[in-house]
Amino acid sequence: MQTSFISIENIRNDFPILKRMVHKNKPLVYFDNAATTQKPIQVIEAISNYYLNYNSNIHRAVHELAEEATLAYEATRDKVAKFINVKNREEIIFVRGTTEAINLVAYAWGRQNINKDDIIVTTEYEHHSNIVPWQLLAKEKGAKLEYIGVDDNGELILDHLDTYLKTGKVKIVAFSQMSNVLGTITDSEEIVKRCKAYGARVLIDGAQSVPHLKVDLQKLDCDFFAFSAHKMLGPTGVGVLWAKKELLQEMVPFNGGGDMIREVHKYETTWNDLPYKFEAGTPNIADVIGFAAALDYLNNIGMDKVREHEMELTKYALDKLSQIKGIVLYGPKDVTKRGGVISFNLGDIHPHDLATIVDEDGIAIRSGHHCAQVLMERLDVSATSRASFYIYNTKGEVDVFIRSLNRAKELFKL
Amino acid sequence: MQTSFISIENIRNDFPILKRMVHKNKPLVYFDNAATTQKPIQVIEAISNYYLNYNSNIHRAVHELAEEATLAYEATRDKVAKFINVKNREEIIFVRGTTEAINLVAYAWGRQNINKDDIIVTTEYEHHSNIVPWQLLAKEKGAKLEYIGVDDNGELILDHLDTYLKTGKVKIVAFSQMSNVLGTITDSEEIVKRCKAYGARVLIDGAQSVPHLKVDLQKLDCDFFAFSAHKMLGPTGVGVLWAKKELLQEMVPFNGGGDMIREVHKYETTWNDLPYKFEAGTPNIADVIGFAAALDYLNNIGMDKVREHEMELTKYALDKLSQIKGIVLYGPKDVTKRGGVISFNLGDIHPHDLATIVDEDGIAIRSGHHCAQVLMERLDVSATSRASFYIYNTKGEVDVFIRSLNRAKELFKL
Amino acid sequence: MSSADIYREIILDYYRNPRNYGKIQDPDIAQRDSNPLCGDELEMHLNIKDDKVADVKFTGKGCAISQASASMLTELILGKDFEYVKKLTKEDILDNLGLHDLGPARIKCALLSLKVLKSGLYSYLVDKLHDTASADKIKEESSGLY
Amino acid sequence: MSSADIYREIILDYYRNPRNYGKIQDPDIAQRDSNPLCGDELEMHLNIKDDKVADVKFTGKGCAISQASASMLTELILGKDFEYVKKLTKEDILDNLGLHDLGPARIKCALLSLKVLKSGLYSYLVDKLHDTASADKIKEESSGLY
Ligand SMILES: Cc1ncc(COP(=O)(O)O)c(C=O)c1O
Ligand SMILES: Cc1ncc(COP(=O)(O)O)c(C=O)c1O
């Protein structure tokens, strides 16, 4: 169970849940990592440790617990900035997750900057969280929402982007750096380059990329960037919005309340400095602190190694899967162009039925539309099955999965 | 350390942090409970247990982990409904905290229902989170924000409410069921009654009341109700918005994204049923589950006992404090009309200086404006010191506090 | 229950060869719903004559359980009178399918068709028969389905 | 550091009897700021003559540390030339107050006055002297204060 670069055995030992049995006696094979990943003991203990030793509200008190909690909370901000290579720590806003981050932009930037007949561009392979906020905004403002299409290889048709940009009406282009269904890695730098030429803003949904690839925001040079801690070993309830300082400064606040104000008077109020202007109310202190442990863990392994491991595993799985008769695999064939997310359909077995069958063998995969119904329409399917990998998954687990798929075929008499 | 009705010793044993020393050798006296409370081991373990054993994204998968996580998450909703005596579980929306809950109402209900020249009423003793969202809304809509004043006893002047209501323009009245500075318990039922007579909606901020008093929403009969888990033994990052079903059904969504949709198409989308329509994206699953353990803990003690204990402690503290020369105490004198939150000023010692001095003796109190600057203006002070109690605090701790205050006086040569 | 018990011959047969699949022109009742969690869709059409189900058809996309369940439900109610349809319970459906102890995620698949049927009936009672008393009862019953 | 060390005679004296407390009519520099965390407020007024601080006053509400710090700062800069003021550091202020090892929450109290002073100076350099080079340097320095 040892690959050339990371000792998976050591890693697996850090994830107590991987030792559990499901359905009484089946070892858990967790292939639902694109939905949420498991957490190493280091993260779980960081959260407990906070509650056991220095739980306190932050920023506004002078007592020792508050000071310790504030330092730890703010230290996470520095770690996040470093992890995605951002210069200004005050550009890191803690939110609940990718969904809230994108909605924050749609409310606080969008409502000020999108007007009637403006165009908002997204893509056919977006997660609902990068579609619905823009639909709501477009409807409110009388703006148009346009989609960059997906070709038969599962990649974006960038010609579509050019067509929209040429109208001169595109205000923002929002896309995912990695598709959560097809695994496709978007050519983000190319899109940013084209958008810049037309003065369009760019929002990148990094929910699937940050956990699995080295992301460098100074190189990417987009305007907004969003991701979720729970998809990268971190706790639920924490996400990050990064945005350029000039934009954050111009933006109106999103939520109003404690911590985001400078002075409140009865009829007027002034805003706090960044990043606090966008962090109203008591934040999710414990989990932000727990997130730091997740970043440490990934840094210790190294994002290059994470990527290498997943490429190897994905290649192995694609090879094995493509040998199953009746399987349809979606997304790029070339593992350098995709992440460790594999969507497929097997004969006429509906994904929900397939997921139920493999679950019986201890394997957790996801089935359904994966919050990407627009893509399902494009692929002309109502659902797919999806297996997605992370650092603790092994080739042995892939073998168990393949055996289980063959059992499903037998049950369905295929 | 045993009072007549709860064994504080047993309770304190459940809170490991209370055994810690601060500033090397001072036993922690935690009197900052209005900001956030400490967590019993049961809550900390419920969170760890989730991550150790059944961490998974919820609602959309069929595998065993997802099923266990979904059941636990939804079980919390039932417990919350019972805790505040609500009939329909789908009226319980999980949010990050009180602040987000109130903003959700301001966005999703307010923007549809508040028009030019309408009046929004709040009070002079509100937390910023029950002022700023209404300021933002009033500004956007050209509506007016009016304040119910606070009398010298720290209670609301309900005549002001009548004056506003009589204009016939009041659309919503938003107030706290307990002031986080004065401790005043608002006569909520009376306010609801008056508002009903004029068809005004009522939002109650229960951030300080739900943790300390038995709250019965069927009896209260307001329209919206908000509170935070972290102020009642629960984790950070979880709060509740309750609202009447008819209102939630009419309201537009707040955040768009996964889980809150029924069907997403390129240009139109339909919404999911309640409560999911308002829970976009991956929620804070672990902490919602942890919150259930907090509710169990409070139920085991009984909210009546919680209140009894706090009344006794508050009475004891008020008696001792009022004997200190040069102290100014804010809020009602009668402990049946107030919670265990005591704000005061001592001579010309600025609250920050006072907090620093008592911190040195291991005592965590809060100093400053307590996110209630409008109230500070009303009291004509720039800040107060605030000690706030919970179930694990003791008379012995109050004694330590009193000694420390006397030391502060000496340091300041008072 | 195990997959082998769920995906019996008969379920697969109804999944692959659904009885009463299709649409009715100008149906008396037409009701559509989808499961927001998994994306399953179902539409049922009914014709009512003399308080009886004179014809019933369904279309939909979804898993074997939801499609077989819908198809079997149409067979169950065809020709039956209104009172019979009104009284159908969750247990009746699961008995009819021979499926018990489904997990909470999959039980929704089995019950989507009953939910659609009851919603359709509800609208019919309110709109056509102005029988809000029965309608409200059905509404209450069917709210417990999911 | 301990409270006894912080709240020495001299700090309390400056807190209770602040030197240079008040306002200047038509000041060359007027700058106000508040600490959003604790609500402390501070306003500084300066008159500049021949590149020197000809007069300086402050008003404010806040703790002993912030008020004493502001008052001592006014004394420190009165009569001094511009270069001196530009070069003032966080350490100078803390030295002058005799306060070290303040926790992160309280250090902001001690530095609020320097932040106000530097922001005022920054605006002055930009608006009056059009000296954006110096201004930018000050901006950068003062952004590290909090
Ligand atoms: C009365 C009151 N309302 C609202 C809040 C805000 O709660 P949160 O910070 O959890 O959003 C608080 C606490 O800070 C409060 O005391
Ligand atoms: C590409 C992508 N964007 C956005 C999201 C939404 O993230 P969250 O649910 O954490 O808000 C997800 C995951 O569900 C995703 O895969």
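Note that this is a predicted model, so its numbers are computed, not measured. Proteins come first, then strands; the chains are lettered A, B, ... in the order of their sequence lines, and each starts at number 1.
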Checking heavy atoms, do the side chain of Y30(B), its backbone, both or neither come under 4.5 Å from chain A? side chain

I need the residue from C371(A), A364(A), P235(A), P16(A) with the largest number of non-hydrogen atom pairs under 4.5 Å to chain B. A364(A)

Going by atom types only, do D205(B) and H127(B) share a side-chain donor-acceptor pair under 3.5 Å? no

Interface moiety of E45(B) toward chain A, non-hydrogen atoms closer than 4.5 Å: neither

At a heavy-atom separation under 4.5 Å, does N55(A) approach chain B through its side chain, its backbone, both, or neither? both

When only pairs under 4.5 Å are counted, which of K266(B), R366(B), E268(B), R96(B) shares the most heavy-atom pairs with chain A? K266(B)

Beyond-backbone contact of W134(B) with V105(B), side-chain heavy atoms, under 4.5 angstrom: yes

Are T70(B) and H59(B) close enough that a side-chain donor and a side-chain acceptor fall under 3.5 Å? no

Do I41(A) and Y51(B) have side chains that approach each other closer than 4.5 Å (heavy atoms only, starting at C-beta)? no

Highest number of heavy-atom pairs under 4.5 Å with chain B: which of V264(A), I285(A), T269(A)? V264(A)

Hey, can you tell me if H369(A) and H128(A) have their rings parallel, tilted or perpendicular (30° and 60° cut-offs)? tilted

Please rank E68(B), K144(B), E360(B) by heavy-atom pairs under 4.5 Å with chain A and give me the top one. E68(B)

Minimal heavy-atom distance between D32(A) and S388(A), with the atoms involved, is C-OG, 3.5 Å

Contact class of L136(A) relative to chain B, heavy atoms under 4.5 angstrom: side chain

Report which part of H370(A) has an atom under 4.5 Å of a heavy atom belonging to chain B: side chain, backbone, both, or neither. neither

So which of S48(B), A66(B), G368(B) has the largest heavy-atom pair count under 4.5 angstrom toward chain A? S48(B)

Comparing T236(A), V132(A), T99(A), V62(A) against chain B, the one with the most heavy-atom pairs below 4.5 Å turns out to be T236(A)

Residue selection (most heavy-atom pairs with chain A, distance under 4.5 Å) from A35(B), G239(B), S228(B): A35(B)

Without hydrogens or angle criteria, can the side chains of T36(B) and N57(A) be said to hold a donor-acceptor pair below 3.5 Å? no

Checking R386(B) against chain A: side chain, backbone, both or neither under 4.5 Å from a heavy atom? neither

Once you measure the plane-to-plane angle for F254(B) and F254(A), does it fall in the parallel (<30°), tilted (30-60°) or perpendicular (>60°) bin? parallel

With a 4.5 angstrom heavy-atom cut-off, could you sort out which part of I261(A) is near chain B: side chain, backbone, both or neither? side chain

Check step by step if side chain to side chain contact (heavy atoms under 4.5 Å, CB included) holds for V238(B) and H230(B). CA-CA 7 Å; V238(B) 177; H230(B) 71 92; over 6 Å; no

Test item: T123(A) side-chain N/O and I148(A) main-chain N/O as donor-acceptor pair under 3.5 Å: no

Examine F94(B) together with F291(B) and report whether their ring centres are nearer than 6.0 Å. no

Got a sec, which pairs hit salt bridge (charged side-chain N to carboxylate O under 4.0 Å, His left out) with one end in residues 277-288 of chain B, sequence neighbours left out? R77(B)-E279(B)

Among G281(A), S367(A), A372(A), who wins on heavy-atom pairs under 4.5 Å with chain B? G281(A)

Where does Q38(A) contact chain B at under 4.5 Å (heavy atoms): side chain, backbone, both or neither? both

Against chain A, label L145(B) side chain, backbone, both or neither, depending on which of its atoms sit under 4.5 Å from a heavy atom there. both

I'd like to know which of E64(A), K231(A), K19(A) tops the heavy-atom pair count under 4.5 Å against chain B. E64(A)

Per-residue contact mode, L104(A) against chain B (heavy atom under 4.5 angstrom): neither

If you count heavy-atom pairs under 4.5 Å between each of H63(B), E377(B), M260(B) and chain A, which one has the most? H63(B)

Checking heavy atoms, do the side chain of E67(B), its backbone, both or neither come under 4.5 Å from chain A? neither

Is it the side chain or the backbone of Y267(A) that comes within 4.5 Å of chain B heavy atoms, both, or neither? both

Shortest non-hydrogen pair, V43(B) vs A294(B), comes out as CG2-N, 3.4 Å

Scored by heavy-atom pairs under 4.5 Å with chain B, the best of M376(A), E126(A), H265(A) is H265(A)

Any donor-acceptor pair under 3.5 Å linking the side-chain atoms of T270(A) with those of E263(A)? no

Quick one: which of L65(B), I131(B), T356(B) has the most heavy-atom pairs under 4.5 Å with chain A, could you say? L65(B)

